[in-house]
Colleague: 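Before I ask anything, let me first share the structure, which is written out below as structure tokens.
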Amino acid sequence: MKWKDQLLNLTAYQPGKTIDEVKKQFNLEKIVKLASNENPFGSSAKVKEALEKVDGSFALYPDGYATSLRFALADFLKVAPEQLVLGNGSDEIILMISRALLRPGLNTVMASHTFGQYKHNAIVDGAEAREIPLTSDGNHDLEAMLSAIDENTSVVWLCSPNNPTGTYITEEKLLNFLKAVPKDVLVVLDEAYYEYVVAEDYYDAIKLVNQFENLIVLRTFSKIYGLASMRVGYGIANKELVTTLEPIREPFNVNTLGQIATETALKDQEFVESCKQKNREGMELFYDFCKEHDLTYYPSQTNFILIDFKVDGNEVFQHFMENGYIVRSGVPLNFPTSVRITVGSKEQNEGLLKVMSQFLEEKKAAVL
Ligand SMILES: Cc1ncc(COP(=O)(O)O)c(C=O)c1O
């Protein structure tokens, strides 16, 4: 078959072990998964109520324009409904952008290390992925990224706050960057963790969308809204950009239950605010622990923290898993001595911190 050459060297996304697999393997009764930056508090109770009222007419296709959700979202964000593109998760919008703008002969600039789907899609579409190392404090090196742009650059990816470091781009730096990027290069600003941000010098992305015609902002209902299983993400850009991108979109890409769930969730901002607060409290526990045990970490504006244990990340991952906590090893994320931990509920955080203490004690004892 006439496969694209680049496909033959790619592997499919490897999901982590399921909770049931880990329970069986280690004979554990309870497993806590803090690996995928999901919301440990679930989603708004109003979502469950709304889904229970769904009348069961599943034979019909969804509203392809997601009209009701689109208008609710536009109203919430104070943008026009035509400025929104909805996706089956923001993953799908990344794919749509890549499909629309990348091809052999073009290149795309991104940080290294950042969310893996930018590079994955670039490879599938045959474009050169130019990866610019993060600065030593885990931030995008915007100057180096600017220098990497040439006449064949089509898309620049910014992840702020960045996965897996949790760091963010300040308003001043972002503004200077956007002013310097050529107008025929699309800047994608992935804000999957936007709702968790507490930094005061963070920018207002919606304002920037109205100022820069080559900017698209991506957000998702998978994180603080706790609706990862519903697969709904969205992009915000100017109308012309959205109109050009829309033909790439699958006609019925956002399913009916997802539309109902997310529109309902949007109305419960009290839930969002309480998750944000509890996440910060949890984050502080991890900061305190790291300071007490002299572990390096990146201060995070998200619901996860990347901690350097200075030993093989897979070993830390394995130890935590055997004790009932699934986190993400830093090895596949290119931080080989770290693990990335999603901040959980108070009880989950305290449980994991105990396991972390034990691990460090055992390591210390082994050295003595
Ligand atoms: C930075 C970033 N962007 C995008 C996504 C994709 O989110 P979704 O497709 O669930 O909206 C994730 C998920 O982990 C992420 O971390």
Side-chain angles (χ1 to χ4, degrees), residues 12-16 33-40 42-43 47 66 69 73 84-99 108 110-122 131 134 138-140 155-169 174 187-197 202 205 216-236 249-250 253-255 257-259 261-262 265-266 272 279 298 300-306 326-330 332-335 339-343:
Y13 178 78
Q14 298 286 321
K33 186 168 170 261
L34 298 173
S36 303
N37 310 332
E38 294 145 327
N39 187 341
S43 49
V47 169
L69 169 61
L73 202 49
L84 296 173
V85 52
L86 286 139
N88 185 23
S90 49
D91 271 343
E92 195 198 22
I93 304 180
I94 296 169
L95 183 145
M96 285 164 59
I97 291 168
S98 179
R99 193 163 170 200
T108 177
M110 63 196 73
S112 169
H113 309 297
T114 188
F115 187 54
Q117 288 306 105
Y118 316 144
K119 183 175 177 186
H120 185 88
N121 280 290
E131 296 178 272
L134 294 171
N139 277 306
H140 283 60
V155 182
V156 177
W157 305 88
L158 302 178
C159 188
S160 175
N162 187 42
N163 181 2
T165 52
T167 49
Y168 70 104
I169 303 173
L174 181 61
V187 178
V188 183
L189 181 59
D190 184 347
E191 288 195 300
Y193 301 93
Y194 158 74
E195 294 87 355
Y196 285 109
V197 172
Y202 196 75
I216 185 165
V217 172
L218 308 188
R219 291 190 186 163
T220 180
F221 285 96
S222 298
K223 303 302 174 185
I224 210 164
Y225 287 96
L227 292 171
S229 65
M230 292 289 161
R231 309 304 303 125
V232 185
Y234 56 98
I236 316 155
R249 188 175 64 74
E250 294 273 328
N253 62 334
V254 181
N255 72 76
L257 297 183
Q259 293 184 29
T262 50
L266 195 61
V272 172
N279 177 67
Y298 293 108
S300 172
Q301 293 293 319
T302 64
N303 66 339
F304 58 83
I305 179 165
L306 188 70
I326 310 179
V327 299
R328 186 95 157 98
S329 165
L333 306 174
N334 292 309
F335 287 90
V339 293
R340 192 192 67 194
I341 297 169
T342 305
V343 174

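Note that ligands are numbered from 1 as they come in the structure, with each ligand's atoms numbered from 1 the same way.
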Colleague: My understanding is that only residues two or more places apart in sequence, or in another chain, count here; which of them pass salt bridge (charged side-chain N to carboxylate O under 4.0 Å, His left out) with R219?
Modeller: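 For R219 the salt bridge (charged side-chain N to carboxylate O under 4.0 Å, His left out) partners, ignoring immediate neighbours, are E191.
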
Colleague: Mind checking what makes salt bridge (charged side-chain N to carboxylate O under 4.0 Å, His left out) contact with E38, not counting sequence neighbours?
Modeller: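 K33.
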
Colleague: What pairs with T167 under side chain to side chain contact (heavy atoms under 4.5 Å, CB included), at least two apart in sequence or on another chain?
Modeller: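 Applying side chain to side chain contact (heavy atoms under 4.5 Å, CB included) to T167 gives N139, N162, T165, Y298.
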
Colleague: Does atom OH of Y194 have more than 12 heavy-atom neighbours from other groups under 6.0 Å away?
Modeller: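 Not more than 12 within 6.0 Å, no.
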
Colleague: Classify the side-chain pair Y193/N37 by whether it contains a donor and acceptor separated by less than 3.5 Å.
Modeller: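 Per modelled atom types, Y193 and N37 side chains form a pair under 3.5 Å.
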
Colleague: Using a strict cut-off of under 4.0 Å between a residue heavy atom and any atom of ligand 1, list the qualifying protein residues by chain and number.
Modeller: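 Answer by chain and number: G89, S90, D91, F115, C159, N163, D190, A192, Y193, T220, S222, K223, R231.
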
Colleague: Can you give me the closest heavy-atom contact between P40 and V343, atom names plus distance?
Modeller: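 Shortest heavy-atom separation between P40 and V343 comes out as CG-O, 3.6 Å.
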
